[in-house]
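Everything on this sheet refers to the single structure shown next.
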Amino acid sequence: MGSNHNVCGLTYSGIPHLMKLTPDQISQFLDRGYVAVPGFFDAGETVALQTDVERLQNHGFLRNVSTDGDGATHSTTAHNLQLCPCSPFSALMRALPFEQKVIDAVTALIGDEVALQLDQIFLKPPGTGRGTNWHQDNAYFKIKRPVRGVAMWIAIHDANEENGTLRLVPHAFKEAIAHQRDPFSDHHIFCQVDESKAELMELKAGGVVFFCYGAPHATGNNRSTKARAGLAYHFIHVEETDADFFSKRQAHPHPRLSGLGSSYGINEYGESLKGKFRRLVADSG
């Protein structure tokens, strides 16, 4: 048995997929509404994800959702490229939520029985990349207890102020904020926040920010010379779902990741995805 170490704030047993969030990280999430976890994905995993995002972009799967200010006319000078959902187009991204360290982190934050609600990519090209405006995820999802939903935002590339990394407002997740239609997007909504209170999430590629559905957040414009992408998964405690959530009539499945009814993807995708993320990463190397 290997000894435990502390790496980037994680409890680490010596095997990457056995990383656990620390009590301090869980406390920060419950207090502030979010927690940053540098180095959650190792170098091999991060390179595999970067390669897959590049593949999806090169094949034209990401579309520009930025508009010229009328909410409809797609901009030719500003680009906010999105693929939602992304799991139908990527075996690697479809398998990622079933990785044990992901399940362990999510259940530590919102409870033992969780399901995947959504996955998506946002990519900001260099120079013309436009950020996503301030919003709370629960303005879309509308669950009764926003702390029972959590987003996992993965920095696919190094994320910093220059290239428009994620920003969050601490302690602002308990109250719903009024939202309105964002005129600079073809489908997004936005809200007003006190930006002076916002915290900038600067992370190396492979770092993760977990934030609850009530946490106001935004990304900035990419003023750098390189593209920056974020891969986001949204998880929900099953007690916040209804019967239709797991219906086979849904266009995309909502796999149970833990607790009763979890089949590691067999019920939803026809195969077990347990351990597949690590196998695909190894194959890509």
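What you see below is based on every heavy atom in this structure, not just the backbone, and it leaves out hydrogens, waters and symmetry mates.
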Sorted by chain and number, sequence neighbours left out, salt bridge (Lys or Arg N to Asp or Glu O under 4.0 Å) with E162 holds for none

Pairing donors with acceptors under 3.5 angstrom, does anything connect the side chains of T22 and D24? no

Show the nearest heavy-atom pair for residues H234 and L116, with the distance to one decimal. O-CD1, 3.5 Å

Heavy atoms only: give me the nearest I266-S272 pair and the separation to one decimal. CG1-N, 3.5 Å

Hey, does P170 have a side-chain heavy atom less than 4.5 Å from the side chain of L168? no

Please check this pair: side chain of D119 against backbone of C86, looking for a donor-acceptor N/O pair closer than 3.5 Å. yes

Between F245 and H254 (judged by ring centroids, cut-off 6.0 Å), do the two rings come close enough to count as a pair? yes

Report whether I110 and Y140 are members of the same hydrophobic cluster (ILVMFWY, side-chain heavy atoms less than 4.5 Å apart, transitive linking). no

Any idea which heavy atoms bring A48 and S284 closest together, and the distance? CB-OG, 3.5 Å

Contacts of K276 meeting salt bridge (Lys or Arg N to Asp or Glu O under 4.0 Å) (sequence neighbours excluded), chain-then-number -> E271

Value rounded to 0.5 Å, distance of CD in Q117 from CD1 in I236: 4.5 Å

Determine the interplanar angle of the F210 and F40 rings, folded into 0 to 90°, and report it as parallel if under 30°, tilted if 30 to 60°, perpendicular if over 60°. perpendicular

Rounded to the nearest 0.5 Å, how far apart are CZ of F211 and CG of L166? 5.5 Å

Does R63 reach the main-chain N or O of Q82 with its side chain, forming a donor-acceptor pair under 3.5 Å? no

Side-chain heavy atoms under 4.5 angstrom apart, residues restricted to Ile, Leu, Val, Met, Phe, Trp, Tyr: same cluster for M201 and V208? no

Verify the distance criterion only: is there a donor paired with an acceptor across the side chains of D70 and T73 at less than 3.5 Å? yes

Is there a donor-acceptor contact under 3.5 Å from the side chain of N138 to the main chain of I143? yes

Under 3.5 Å side-chain donor-acceptor pair for T128 and H79: yes

Beyond-backbone contact of Y34 with C212, side-chain heavy atoms, under 4.5 angstrom: no

Which pairs, with at least one residue in residues 173-184 and sequence neighbours excluded, count as a side chain to side chain donor-acceptor pair (under 3.5 Å)? none

Establish whether V238 and V150 are linked, either directly or via other cluster members, by ILVMFWY side-chain heavy-atom contacts under 4.5 Å. no

Donor-acceptor under 3.5 Å (H171 side chain, D31 main chain): yes

Any chance you could lay out the side chain to side chain contact (heavy atoms under 4.5 Å, CB included) test for V37 and V209, step after step, and finish with the verdict? CA-CA 6 Å; V37 186; V209 182; over 6 Å; no

Decide whether F277 and M93 are clustered together by the hydrophobic rule: side chain heavy atoms of Ile, Leu, Val, Met, Phe, Trp, Tyr closer than 4.5 Å, transitively. yes

Please evaluate residues F61 and I121 with respect to the criterion side chain to side chain contact (heavy atoms under 4.5 Å, CB included), reporting the C-alpha separation (whole Å), side-chain torsions for both, the decisive distance (0.1 Å), and the verdict. CA-CA 10 Å; F61 290 120; I121 300 167; over 6 Å; no

Checking the side chain of N58 only, and the main-chain atoms of R55 only, is there a donor and an acceptor separated by less than 3.5 Å? no

Is any side-chain heavy atom of K226 closer than 4.5 Å to a side-chain heavy atom of K124? no

Heavy-atom distance under 4.5 Å between the side chains of R167 and E195, does that happen here? yes

Rounding to 0.5 Å, atoms NE2 (H59) and CG (L83) come to a distance of 13.0 Å

Would T46 and D42 count as a side chain to side chain contact (heavy atoms under 4.5 Å, CB included) here? Give the steps. CA-CA 6 Å; T46 302; D42 67 27; 5.7 Å; no

Closest non-hydrogen atom pair between G261 and N267, with its separation: O-ND2, 3.8 Å

K101 versus K20: any side-chain heavy-atom pair under 4.5 Å? no

May I ask you to decide if I156's main-chain N or O and Q50's side chain share a donor-acceptor pair within less than 3.5 Å? yes

Would you check if H252 and P88 make a side-chain contact, meaning some heavy-atom pair closer than 4.5 Å? yes

Can you tell me if D244 uses its side chain to pair, donor with acceptor, with the backbone of S247 under 3.5 Å? no

With a 3.5 Å cut-off and no angle check, do the side chains of S90 and D52 form a donor-acceptor pair? yes

Using a 4.5 Å cut-off on heavy atoms from C-beta on, say whether the side chain of V169 contacts that of E199. no

K142 side chain to A139 main-chain N or O, any donor-acceptor pair under 3.5 Å? yes

Walk me through it: do E54 and T51 pass the test side chain to side chain contact (heavy atoms under 4.5 Å, CB included)? CA-CA 5 Å; E54 184 177 357; T51 301; 5.6 Å; no

Would you confirm whether S224, through its side chain, and N163, through its main-chain N or O, come within 3.5 Å as a donor-acceptor pair? no

Distance-minimising heavy-atom pair for N80 and N64: N-OD1, 2.8 Å

Separation of D158 CG from R228 CZ (nearest 0.5 Å): 11.0 Å

When you group the ILVMFWY residues by side-chain heavy-atom contacts below 4.5 Å and let the links chain together, are L231 and V47 in the same group? no

Lys/Arg-Asp/Glu bridge criterion (N-O < 4.0 Å) met for R278, E45: no

Looking only at non-hydrogen atoms, find the nearest pair between A95 and L273 and report the distance. CA-CD1, 4.2 Å

I'd like to know if E268 and R256 make a salt bridge, using a cut-off of under 4.0 Å between side-chain N and carboxylate O. no

Quick one: CG on L96 to OH on Y233, what's the gap to the nearest 0.5 Å? 4.0 Å

Do the side chains of L123 and V53 get nearer than 4.5 Å, heavy atoms only? yes

Examine distances only and state if a side-chain atom of E202 and a backbone atom of E161 form a donor-acceptor pair shorter than 3.5 Å. yes

Please determine whether a side-chain nitrogen of the Lys or Arg among K144 and E240 lies less than 4.0 Å from a carboxylate oxygen of the Asp or Glu. no

Take the angle between the ring planes of F122 and H188 and call it parallel below 30°, perpendicular above 60°, tilted in between. tilted

A cation-pi test, strictly: NZ or CZ of K274 under 6.0 Å from the centre of the six-membered ring of F98 and no more than 45 degrees from its axis. Yes or no? no

Find the distance between OH (Y213) and CZ (F173) and round it off to the nearest 0.5 Å. 15.5 Å

